[in-house]
Amino acid sequence: MRSTSLLALAAFAVPTTPLWANDDPWALLAAIEVDETISDTSYTVKKTYPDAIRNGAQEFRITGYAVPMFPGVAGRDLLLVSDMGDCPFCGQPDHGASLQIQLDEDVLIEEGQRISVIGALELVDDPETWQAAILRGARIADL
């Protein structure tokens, strides 16, 4: 069985943003295609990135809503979602975009807090996960 879906687990920056993206990193996320292949003996996920974001980005900036991995505790790991009303944790199969963030220092962030982060976007080529990118060494641009 094969299925093709738009990936909602990453966001990207490009040197020149395509006109269709309107300079919105979340719109670039919607352009990632995922091809999931399931057989009796194997499972494979192939991600196809738009040419403009194929190499990730060193100084990628994105704004969204924070979902700390450990709420109420200063930490470095969180998810950033494009829309808290359409979050990936609400049980709906069609959820909004999200991006795993690894901050460069511990920060106390409230769940649902709107933040901007800047970091190095790395693509995730693992053929066993739908996750397509992670933002590493990120710092808070504003609170």
4.5 Å side-chain heavy-atom contact, [X] and [Y]:
| X | Y | result |
| --- | --- | --- |
| I115 | V117 | yes |
| M69 | L79 | yes |
| V34 | V45 | yes |
| P127 | K46 | no |
| I118 | F60 | no |

Step by step, work out the side chain to side chain contact (heavy atoms under 4.5 Å, CB included) result for T63 and R114. CA-CA 7 Å; T63 300; R114 185 171 168 84; 3.5 Å; yes

Looking only at heavy atoms, which two atoms of [X] and [Y] are closest? And how far apart?
| X | Y | result |
| --- | --- | --- |
| R61 | P25 | O-CG, 3.8 Å |
| P71 | E111 | CG-OE1, 4.1 Å |
| L80 | A66 | CD1-N, 4.0 Å |

Applying a strict under-4.5 Å side-chain criterion to I, L, V, M, F, W and Y, I'd like to know whether I140 and L99 cluster together.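 Yes, same cluster.
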
Taking OH in Y43 as the centre, count heavy atoms belonging to other residues, nucleotides or ligands within less than 6.0 Å. Is the count above 12?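 Result for OH/Y43: enclosed.
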
What residue pairs, at least two apart or across chains, pass salt bridge (charged side-chain N to carboxylate O under 4.0 Å, His left out) with a residue in residues 128-141?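 Listed once each, the pairs are E59-R139, E122-R136.
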
For side chain to side chain contact (heavy atoms under 4.5 Å, CB included), just list the numbers for L103 and L78, CA-CA rounded to whole Å, side-chain angles, deciding distance to a tenth of an Å, and then say yes or no. CA-CA 8 Å; L103 297 167; L78 62 106; 3.6 Å; yes

Take T129 and V124 through the side chain to side chain contact (heavy atoms under 4.5 Å, CB included) test and state the conclusion after the steps. CA-CA 9 Å; T129 180; V124 177; 4.1 Å; yes

Between Y49 and E33 (side chain of the first, backbone of the second, donor and acceptor by atom type, cut-off under 3.5 Å), is there such a pair?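 Looks like no, no N/O pair under 3.5 Å.
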
Quick check against the 3.5 Å criterion: does K47 have a side-chain atom that pairs as donor or acceptor with the backbone of Q131?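 Indeed, once roles are kept as given, a pair shorter than 3.5 Å links the two residues.
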
From D77 CG over to I101 CD1, what is the distance, rounded to the nearest 0.5 angstrom?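 If I round to the nearest 0.5 Å, the distance is 10.0 Å.
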
Rounded at 0.5 Å granularity, tell me how far CG in D83 sits from OG in S98.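 Between atom CG of D83 and atom OG of S98 there are 12.0 Å.
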
Trace of the side chain to side chain contact (heavy atoms under 4.5 Å, CB included) decision for I134 with Q102: CA-CA 8 Å; I134 186 170; Q102 288 183 336; 3.7 Å; yes

